[in-house]
Protein chains: 2
Amino acid sequence: MTADTTPPRQDVKAALHECRLWRGASDAAIDALASAARVKEVPRGTTLVTEGEPADHFGVMVTGKARVFHLGADGRRITFETLSAGDPVAVVAALAGGRYPAHAETVTPATIAWLPREALFELMESEPTVARTVMTNLANRVVGLTSVVQTLALDVPARLARYLFQRALAVGTPSSQGLEVDLGMPKSELAAALGTVPETLSRAFAKLREDDLVEVHGKRVTVLDVRRLASLGSGYSEE
Amino acid sequence: MTADTTPPRQDVKAALHECRLWRGASDAAIDALASAARVKEVPRGTTLVTEGEPADHFGVMVTGKARVFHLGADGRRITFETLSAGDPVAVVAALAGGRYPAHAETVTPATIAWLPREALFELMESEPTVARTVMTNLANRVVGLTSVVQTLALDVPARLARYLFQRALAVGTPSSQGLEVDLGMPKSELAAALGTVPETLSRAFAKLREDDLVEVHGKRVTVLDVRRLASLGSGYSEE
DNA sequence: ACCTGGCCTTGACGGGGGTCAAGTTCGGGA
DNA sequence: TCCCGAACTTGACCCCCGTCAAGGCCAGGT
């Protein structure tokens, strides 16, 4: 069903090198990981990990994208994050050693390098600086989740404003009217990322539009008033 | 305003030993921490850390209780966790090295031992097993936050059911009618812990009561049907 | 006993947002 | 060119829950 490799593949090594989790590890250590990895190529929509299963492995995305999410009792999904090449999959669960706390599935065809959790422990023992890197990484993860919780306490227009603001900082390009921003994804996907549904997102856009904060043209949005957008997105001030 | 100690205090050492974060560290290492610590005694309602401030220190609760929370734009509080003796304060932020991601304040008079973040790094470098302990601890923290997010997606009766179920597992005592459970706190506080207000919590109790799931007598609750309670609290099954 | 002030409960009301059901726009294929 | 389906929008409806405003129900003090 899937293909394993015997010699370390080039793209796998590249992905492992890009993985922010153990940035700073020696090439030798990463190459060792690469040869220990079981590489799998899977189609879009494949379940990578299932909530509640014992967390004995973790993965690194080599190509493709995946989504980490929760399934509510009614089947609703709450998306935590979207993973792309170089991102680790389920590494937290592997470190914690319990069961996977969430589901993950691919949203495109993808290649994933799987490793047993012990491999990571060995890497950290052999290279102390890696342990420190992994540590700060985990800590940042906690901070990130904290802000997810914070964001969920805002209403949808505010969450959208926050997203647009951050997006404007990252990929905004100046234009005659203001800042041109390309939403990186279809609106239905953005809705899920903001923890809501397309209909409500649509109304949120409408609200920002009638407040003269943005203009919407398909997937391209013109931010007319960055300042007010930022303050609506909760408490970012200019300095 | 507050009292520093010169010799390591006994209660401070005890609290540091109890701190789950570095369980497994040698006595010598912990004693070293204890003598490096600046011990402060503060009244109820004292702000321990302020969201947005640079995270250069962390603390360990020696006595008393504290609350970690977010401040919404409108001043509403979202409580993440309640800390008591032996719990670390803001250690995540210290490891991440950025700014505090949340506020913390005492809810009782409290004694806290403060340490510079470097002290923790040094401890981890000198004792590799501590690094591993801290690591799994952080990972579990992430898992915990994950479940906070999950919980916030449920409605209030379900959140209450989940709390009662967990509480029943922890401190429930069998009785003729079912499981006797003591809520560990006043209902107004429980409301905050569940991310809601007393009025809504009261209605949630009423709903559980009219579904014959529980009986309420002040701070003591009799769980009549653990099974249904658990399933209402979302997806805990019996095995 | 009486008052008084927490703490909890109950009712009434309103707003945010999820759901269902129609449209609408737009791009691709025959 | 016409058609069709996917993605998006808009309206109607309703539920959950936060808020405001009254009450109950004690416990402690005088």
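Chain A is the first sequence line, chain B the second, and so forth, proteins listed ahead of strands; every chain is numbered from 1.
B/Ser188 comes within 4.0 angstrom of sugar-phosphate atoms only, judged by non-hydrogen atoms across all strands, and of no base.
Distance B/Leu201 CG to D/dC16 C1': 15 Å, rounded to the nearest Å. To the nearest angstrom, P of C/dT25 lies 15 Å from NE2 of A/His217. Atom C1' of nucleotide C/dC8 and atom CE of B/Met185 are separated by 16 Å, given to the nearest angstrom. As a whole-Å value, the separation of B/Arg209 CZ from C/dT10 C1' is 11 Å. For the pair B/Leu232 CG and D/dC16 P, the computed distance is 12 Å after rounding to whole Å. A/Phe205 places its CZ atom 10 Å from the P atom of D/dC8, with the value rounded to the nearest Å. Following rounding to the nearest Å, A/Leu152 (CG) and C/dG16 (P) show an atom-to-atom distance of 18 Å. Computed from coordinates, the A/Leu194 CG to C/dG16 C1' distance equals 16 Å when rounded to whole Å.
Using a 4.0 Å cut-off between charged side-chain N and carboxylate O, B/Arg220 and B/Glu180 make a salt bridge. Using a cut-off of 4.0 Å between Lys/Arg side-chain N and Asp/Glu carboxylate O, A/Arg228 and A/Asp211 are scored as not salt-bridged.
Between D/dT19, C/dT19, D/dC17, one nucleotide has an atom nearer to the side chain of B/Asp155 than all others, and that is D/dC17. Each of C/dG18, D/dC8, D/dT10 was ranked by its minimum atom distance to the side chain of A/Lys187; first place goes to D/dC8. Relative to the side chain of B/Val156, the nucleotides C/dT19, D/dC17, C/dG17 differ in distance, and D/dC17 lies closest. Of the candidates C/dG17, D/dT9, C/dT9, C/dG17 carries the atom nearest the A/Arg159 side chain, counting heavy atoms from C-beta on.
Between A/Thr200 and B/Glu199, it is B/Glu199 whose nearest contact on DNA chain C lies nearer the 5' terminus.
Contact check, B/Lys219 against C/dC7: no side-chain N or O comes under 4.0 Å of OP1 or OP2.
The closest side-chain heavy-atom distance from B/Thr173 to B/Leu179 is not below 4.5 Å.
With hydrogens and angles ignored, a donor-acceptor pair under 3.5 angstrom links the side chain of A/Arg203 to the base of C/dT19.
Nearest heavy-atom pair, A/Thr196 versus A/Thr200, reported as atom, atom and distance to 0.1 Å: OG1-CB, 3.3 Å. Considering all non-hydrogen atoms of both residues, A/Phe205 and A/Leu183 come closest at CZ-CD1, 4.1 Å.
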